[in-house]
Amino acid sequence: MADDALRCDACPVLCYIKPGRTGSCDRYGNHNGQLVRLDPHVMLERAQSRGESLVPFLGKAREWDGNLVTDAETFVTAIGAGTTYPDYKPAPFIISSQVDGVDMVTVVTEGIFSYCGVKLKIDTDRHLGAECSTVRAQGEAVGHVTTSEYGSQMLSLGGVRHLTGGSRQEGNVTCDTLLHLCNGRAVDLEIDNGAKLVVQAGQPPIVDGVREERMRVGCGSATIGMFAKQWFGKVDEVVVVDDHITGVLSEHQAGKLLGVSETGIRMRGRRSTPGRYFKVAEPGTSWGGTNITDPLSILEPFDREIAKPGLRFLMVSTTGEQYAYYELDESLQPLEKDLPPSLQDSVARLRENCEPALCTVLFMGGAGGSLRAGVTENPVKLTLSVRDALTRVTSGGAPVYVWPGGGITYMVDVSRMPENAFGYVPTPALVAPIEFTMKLVDYAGLGGHMDYVRPLSSIQQEDHGLRRLESRDDNPWPLESGKSWQK
Ligand code: SF4
């Protein structure tokens, strides 16, 4: 072009890039008249020691020193590999290797994912917002609250409706939010009529300004089951306060089997099965994920026919963070007293059994569309090959879970991937690394781009940088010989 600008054709945006400048996504630049992928291309080297993790998430990388070890010890990831567009062009790298004497091929590309999102697991009992409530970042809708899981609240973020189905601003903020989360950075979120959150992969969530410490040990009923023996004989009654199922020792099957006597306690809420109560309070961010700050507020007056003055009872939350000990006075009113030493161990044990609260970020994307054409001229054959376990899918060398059914819809735990593995394009869409590894003979069989297969050694001549990382020892080695890969 007249002003020496180059046209980048790696995505539909087709940026014109002047010398010394970068395109809209900052992934490509015009370097002395050459269009170059600016981030280094990441190679994984098989960790020498499988005993400890050599490269923790966000750990240090070394610059490539030019030495290649054997094919089977080096894995070419798609991080920094670049993208080809339109999809009928072969993927940027189609690398041959030998594994246990078998000729293999790995097809490597940075996929552009319009259909993608994040499943965010937040280990907390606290109520973050009602199911289906909108989750916002920078005021824009980026997802929703979905079904909670055991001890965790779940958010579903991103997806094509937020990326491209709303306003431009909504799409850009959604893309930005996904990018930050997938690259291991902290993100501020706010749930309509719910909590304000700071979430980051591998870190404790911060809920309304409070850093979460622990997951709950279990629901109230499970907690009764786990600790009934430790309470037996030391206290007459225990109530484990939980937004899901509040447990009552004397009525619970565990208490019955141990021979705990009736206490005359009467609970608010809806009795499910003996010793298990639903909806004792409203959801909230206090005791056991309820809105109560005074545990006595979930009790009705004791049954005067059964309860006796001096009756001892403990109320405790499912994390053991909150607890209170009471004894009934002559008029059967609870009087709060210090927790007796005989009960302190059980509360401490309950807390000890609560795992650290973390945020987990799973990227989920659909590679079952046109991306497949960069691998084969007959895309459905790639899908079938993945289904038949002839082709292994990895993301930045990390293992993925491929959903059963149609297409290649996969999930990957971003904390098992190398740092900054994700990018974006302003369509907007996320760019995620994806590698397909299979036997060379199978690649030929599914109509692969055989003329573009090249050896690992050819990568040294590439004009952009290479970065070597040692593989995480808790990830399976992507080239580990599988049953379907043997001779
Ligand atoms: S957004 Fe990035 S990949 Fe797309 S054309 Fe521009 S520079 Fe190339």
Side-chain angles (χ1 to χ4, degrees), residues 1-42 76-94 107-117 140 158-160 162-183 185 363 365-367 369-375 395-396 417-435 449 452 459 462-467:
M1 296 182 63
D3 59 1
D4 293 332
L6 289 170
R7 195 175 80 162
C8 174
D9 60 356
C11 92
V13 178
L14 300 173
C15 296
Y16 287 103
I17 310 175
K18 291 184 177 171
R21 308 294 290 269
T22 63
S24 311
C25 67
D26 288 335
R27 295 192 309 132
Y28 284 89
N30 180 340
H31 183 63
N32 297 330
Q34 296 284 321
L35 183 70
V36 292
R37 179 71 178 88
L38 295 170
D39 303 296
H41 187 180
V42 172
V76 180
T77 80
I79 303 167
T83 314
T84 45
Y85 181 80
D87 303 291
Y88 64 76
K89 292 182 195 164
F93 293 91
I94 304 176
V107 184
V108 167
T109 188
E110 287 183 302
I112 299 174
F113 290 84
S114 304
Y115 282 84
C116 72
E140 297 291 337
V160 72
H162 290 296
L163 281 167
T164 60
S167 68
R168 179 177 289 272
Q169 178 68 356
E170 179 179 333
N172 289 342
V173 171
T174 300
C175 188
D176 198 48
T177 302
L178 297 180
L179 181 67
H180 277 73
L181 279 172
C182 289
N183 279 339
R185 301 199 192 101
F363 170 79
S370 56
L371 180 151
R372 296 173 298 174
V375 183
S395 182
M417 299 170 69
E419 62 178 321
N420 291 323
F422 290 81
Y424 80 101
V425 291
T427 51
L430 226 61
V431 175
I434 188 160
E435 304 97 22
H449 302 291
Y452 292 82
I459 292 186
E462 292 301 316
D463 53 7
H464 60 277
L466 296 168
R467 175 176 289 171

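Numbers here simply count residues along the sequence, with the first being 1. Order of appearance sets the numbers: ligands from 1, and atoms from 1 within every ligand. Just so you know, these numbers use all the heavy atoms, side chains as well, and skip hydrogens, waters and symmetry mates.
When all heavy atoms are compared, the tightest approach of Y424 to L179 is CD2-CD2, 3.8 Å.
Within a 6.0 Å radius of CZ in R185, other residues, nucleotides and ligands contribute more than 12 heavy atoms. Sparse packing is recorded around NZ of K18, with 12 or fewer heavy atoms of other residues, nucleotides or ligands lying under 6.0 Å away.
Note that the CZ atom of R7 and the CG atom of L35 stand 11.0 Å from one another [nearest 0.5 Å]. F422 contributes atom CZ, which lies 5.0 Å from atom OG of S395 (distance to the nearest 0.5 angstrom).
Looking at E435, its side chain never comes within 3.5 Å of a backbone N or O of V108 through a donor-acceptor pair.
Note: H41 and F93 have tilted aromatic rings, judged against thresholds of 30 and 60 degrees for the angle between ring planes.
Of the protein's heavy atoms, C15 SG, 2.2 Å lies nearest to atom 6 (Fe) of ligand 1. Nearest protein heavy-atom neighbour of atom 8 (Fe) of ligand 1: C8 SG, 2.3 Å. The protein atom (non-hydrogen) at minimum distance from atom 1 (S) of ligand 1 is P426 CD, 3.4 Å. At the top of the distance list for atom 7 (S) of ligand 1, counting protein heavy atoms only, stands G23 CA, 3.5 Å.
Heavy-atom contacts of R27 reach the following atoms of ligand 1: 3 (S) (cutoff under 4.0 Å).
Taking 2.8 Å as the threshold, C25 counts as a candidate ligand of atom 2 (Fe) of ligand 1, since one of its N, O or S atoms lies below it. At a cut-off of 2.8 Å, C11 is counted among the residues with an N, O or S atom near atom 4 (Fe) of ligand 1.
Counting heavy atoms under 4.0 Å from ligand 1, residue P12 does not touch it at all. Residue contacts with ligand 1 for L14 involve N, CA, C or O but no side-chain atom from C-beta outward (heavy atoms, distance under 4.0 Å).
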